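Proteins come first, then strands; the chains are lettered A, B, ... in the order of their sequence lines, and each starts at number 1. Computed from a prediction, not measured in an experiment: that's the story for all the values here.
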Amino acid sequence: MTGKSYLDELNEVQRKAVIQTDGPVLVVAGPGSGKTRVLTYRIAHLIEKGVAPWEILALTFTNKAAREMKERIERVVGDAANRVWAGTFHAIFARILRVEAEKIGYPSNFTIYDSDDSASVINAIIKELNLDKSVYNTNAIRSRISSAKSSLITPRLYAENEELMEQDRMAKRQYTHVIYQKYTERCKRSGAMDFDDLLYRLYELIQQNPDGVLDKYRARFKYVLVDEFQDTNHLQYAIIRKLVQFEGSPRNICVVGDDAQSIYAFRGATIQNILDFEEDFQKYGIQVFKLEQNYRSTDQIVQAANHVIAYNRRQIPKTIWSNKGVGHKIKVIKALTDTEEGKRVVDTIVEQRNRYHLSNKEIAILYRTNAQSRIFEEYLRRYNLPYRVFGGLSFYQRKEVKDLIAYLRLAVNPRDEEALRRVINYPKRAIGDTTVDKISAAAGEANQPMWELLGTVDVGPRTHKAIAAFVRMIQSFMTLAQTGNAYEVAVTIAERAGLIDTLKTDTTVEGLSRLENLNALLDGIKTFVEEDESSETTGQEDKSLASYLQNIALLTDFDNEENSEGDYVTLMSVHSAKGLEFKSIFLVGMEEKLFPSFMALDTPEGLDEERRLFYVAITRAELFLTLSYALSRYRFGQMRYNEISRFLEELPREHLESTGALPGTSFGRGSSTASAGRESASPGASVSGNFQRRTTAQSAPLRVDPKTFSPSPSNQIQAGMKVLHLKFGEGKVISVDGSQDNRVATIHFSEIDSPERRIMLKFAKLQILT
DNA sequence: GTTGGTATCTGTGGA
DNA sequence: AGATACCAAC
C-alpha cells in the first residue's frame, strides 16, 4: 500500500485493478460498481508512477464519458491530465487520421459524413441504379454496409462472399454489393469518411503501415485503456490488437466492460470480444478483476436486476450485490392510453418530489424510443416542471443549421459532394435537378468529384452562368476559410451565400426560429474560437474552420449542452442513459413490440439484447424505480393496442409494490421456491417500510434455477415431449401447430394454476426432458 | 426551373 | 403524425 489518498477511496478489488498497471487486465464491472473510478485512478496512478500522460491512450464510446474521465484525472494529477490521449474511438482516430490521411489517399481536410450524409449518398446511388427503393431500403443497406466495414469486408470481399450474397438474394437485394462498391467510391472521391471509415481507414493505415506509421503509434501508446469494452465491434478490437499485440510488446492493455450491459450489437458490437480478449491474452498473464459491489442502487433494485438478467443465455458469471439497504419496492403504473400514461407518470413525479424532497434533476424519464417523449413533455409543461429532452433530432440536424454547415464544409473541402448537392441550389440560383443530375452522372463516369466537373457539363447559357457564379462564390469562401478565424468566416459566408436574407423573408414562427438557430450556430462557433485553448485536450490552438468542423462532426446533442446545470427533469432514451444514475427512474412504455422493440423480436439474440437494455434501464435507479405501460397508444397516426412487456412479467413479484397493475398477479400464483440464496443477502433493516402495504405471499417467478437450465432448440419441440420452462416448471407438450417461424405449442404445466398454456416456440425457452 | 399540392412511406438505438 | 417523393401547372 502506498498510502496515497486516492487509493484509500477504493475497495479491495478496485484497488487491485488500479495497481496492476502492467500487462493485460480485464475488469468485469457490474452497474454502479465504480468502473469509471477505477479507470481514472488507474490513469492517475500511471502518471504518478512516472508514465508520461501522452503515452496513455484511453478510449471511450461517448464524449461524455471521455470528458468525465479527463475531469476526474485532472482532480488527482492536475494539468497533466490534459495531455492524456483520452477520447472516443471516433475522435481519437479522426485526430490521428488528420495527420496521416494522405498516406492512404485521403486529403487531410477530409469531411466526416454523418449518418444523414451516408443515407443520402445511398439514396442517390439507388436512384441512379434504377433500383426499387421499396425493396432497397436505405437504412437496411446502410446497416449492411456498416457491418461489412465493421467486419473488415471490402466491397470486393463482399461480392466474393457466398454467404452475404446469398442473404442479399434472399432479401431480393442482390445488388447490395454494387451499392456498397459505389458508396465507397463516392465517399473516396468526395474526400469523405463516414463514421465507420474513421475506424476502418485507421485500420487500413496501420495494416498497410506506410512509412512505419504503425510502429510510431505502437511506440507512443505505452498504456492502452478501453472503456465499455462490451460495446466494441470486431474492427475496434482488431485495431486495439494491432496496437498492443506484437513481438516484444509489454501488452499494457486494460479493458473494462460488462457483458450484461452490451446494448450495441445492432451496430456490430459483440461480447465475443470480451471472451476473445481473455483467450488472446491468456498467455501473457492476463489478470481478471470482477467488480461486483454496487454502490448505486438499493438491494431491491439490484436483486430485481440480477433476476431479470438471469433470463439471458450466455454471460460471464457474477453476483452483483448492494449494501445500501433494502429500499423501496418497484412501482408499476398501468394506463389505458399513452396520454393517461403521461399524466399518471407526471402525477407520480409530483407526488414523489413532495414526499421525498427530490429535486427535478434527481428524476429521469427513460423510454425505448425518442418519439415517446412528447406526451411527457406535455404534462411536465402543464405542471410547470422544468425538463430537458436529450437525443432525438439534434441541433446539428436541423435544416438551417445543416445548410450553413454545408457551405462551411465546401469552403474547407469542395470535393464534399453531399455538401455540394445540398447548397448548389439553395438559396435558389437556377441550378435545377436536371443540371445536378448531369453533373452527378459525369462525376460517376469519370470517378471524379462533382466539384471538378461543374464547368464541363453541357447546359444552356443561363445555367452555365449560374454555375460559374456559384463556383466563384465557393472559391472566394475557400480563400476566406484559410485566412480569418472560424467565426468571422462563418458570418461572412452566411451573409454572402444569402442564407440570412432568405431566412429573413420568412416571417412565420418557424422562420423566426430558424433564424434564431442560425444565430445560435454562429454563437457556437464564436464560443469555439474564444474558448480557452488549454481546457481541451483535443483542440490544439487550431481555431480554423476545418478544426471547428471536425469538432462538431463527432458531437451529439448530448455533448454540447453547456447549461447542464439547472434543476431539470431528464428525458432520454435508455441507450443514452447508460452510464448515468438518478435517484428516481421512470421507465415508460413497458409494452411488447415497444420494449422489447418489434425489431428485436425475430431472434433470440435480439431479445437478449433488449433484456440487457432493460437491465441497463433499471440499474440507473438509486432509490426509486417506477415502470409504466399503456394498453393502447398512437403510433404512426393509428391507435394500437399493446400487450404488457414480457420484461414486466419477468420481474419477481416480491420486488413489486402490490398495486394490481399487473394482470394475473393476484399474489396467488402458487407457493414459492424462489431460487435460493437470492434474497438471503438482504435481511437488513428496511429503510423504506412505509411504502409496503403487505409483505405476505411472495410468489416465485422462477421454478427452475437458470444456472442449470439449458434450453433446447425450439424446432425440436414436438408433441408428447416432457419439457422444462423457467417460470412454469415441468410440462407436457400436448400439441404443436402453426408452421415455420410461428409454431405454437400447447403445453400442460402441472405446477401452475392455469396449467394449459399456448406458447410461441420462437420465443419460448424450453428444455427437453424426455 | 420553380411552385404548391397530393400520395406514399416510414415502425430503434448513436458516434 | 410528419417527412419525403412525385406530379401537374405555371
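- In this view, A/Q372 and A/T369 satisfy the side-chain hydrogen bond (donor to acceptor under 3.5 Å, both in side chains) rule, not counting sequence neighbours.
- For A/F93, the ring-ring contact (aromatic ring centres under 6.0 Å, His included) partners at least two apart in sequence or on another chain are A/F89.
- Nucleotide B/dG14 holds its C1' atom 10 Å from the CD1 atom of A/I263, rounded to whole Å.
- Residues passing the ring-ring contact (aromatic ring centres under 6.0 Å, His included) test with A/F470: none are found, sequence neighbours excluded.
- Atom CE in A/M599 sits roughly 12 Å away from atom P in B/dT10 (whole-Å rounding).
- In this structure, the ring-ring contact (aromatic ring centres under 6.0 Å, His included) partners of A/F195, at least two apart in sequence or on a different chain, are A/H90.
- Using a 3.5 Å distance cut-off with no hydrogens or angles, the side chains of A/E400 and A/N517 do pair a donor with an acceptor.
- A side-chain donor-acceptor contact under 3.5 Å links A/E341 and A/S628.
- Atom pair A/F89:CZ and B/dG14:P shows a separation of 18 Å (rounding to whole Å applied).
- Where A/N137 and A/S573 meet DNA chain B, the nucleotide closest to each residue was compared, and A/N137 sits on the side nearer the 5' end.
- If you measure from atom CG of A/D116 to atom C1' of B/dG14, you get 12 Å, rounded to the nearest angstrom.
- Residues that satisfy the side-chain hydrogen bond (donor to acceptor under 3.5 Å, both in side chains) test with A/D433, not counting sequence neighbours, are absent from this structure.
- Residue A/F61 is classed as a sugar-phosphate contact, given heavy-atom separations below 4.0 Å to backbone atoms only.
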Protein-proximity profile, nucleotides 2-10 of chain C, B/S/- by nucleotide at the 4.0 Å heavy-atom cutoff, equals ---SS----
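- Side-chain contact annotation: A/Y200 with A/D194, donor-acceptor N/O pair under 3.5 Å absent.
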Using nucleotides 1-3 of chain B, report all nitrogen or oxygen pairs with the protein that are shorter than 3.5 Å.
unit_1, atom_1, unit_2, atom_2, d
B/dG1, OP1, A/T435, OG1, 2.3
B/dG1, OP2, A/T434, OG1, 2.9
B/dT2, OP1, A/A430, N, 3.1
B/dT2, OP2, A/N425, ND2, 3.1
B/dT3, OP2, A/K428, NZ, 2.8

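- A/S597 comes within 4.0 angstrom of a base, heavy atoms only.
- Using a 4.0 Å heavy-atom distance criterion, A/D196 is classed as making no nucleic acid contact.
- Going from atom CG of A/N63 over to atom P of B/dG14 covers 13 Å, rounded to whole Å.
- Stacking annotation: A/F266 is stacked on the base of B/dG13 (ring centroids less than 5.5 angstrom apart, interplanar angle below 30 degrees).
- Taking atom CZ on A/R635 and atom C1' on C/dA1, their separation rounds to 13 Å, with Å as the unit.
- A/N370 comes within contact range of the sugar-phosphate backbone alone, with a heavy-atom separation under 4.0 Å but no base atom that close.
- Considering only side-chain N and O atoms, A/S576 lies under 4.0 angstrom from the phosphate OP1 or OP2 of B/dG14.
- The interatomic distance linking A/L613 (CG) with B/dG13 (P) rounds to 11 Å, in whole Å.
- In this structure A/R421 satisfies the side-chain hydrogen bond (donor to acceptor under 3.5 Å, both in side chains) test together with A/S440, sequence neighbours excluded.
- For the side-chain hydrogen bond (donor to acceptor under 3.5 Å, both in side chains) test, residues two or more places apart in sequence or in another chain that qualify with A/S573 are A/S576.
- An OP1 or OP2 oxygen of B/dG11 is reached within less than 4.0 angstrom by a side-chain nitrogen or oxygen of A/N139.
- Within the 4.0 angstrom heavy-atom criterion, no nucleotide atom of any strand lies near A/Y634.
- Neither OP1 nor OP2 of B/dG13 sits under 4.0 Å from any side-chain N or O of A/R142.
- The CG atom of A/L198 sits 14 Å away from the C1' atom of B/dG14 (whole-angstrom rounding).
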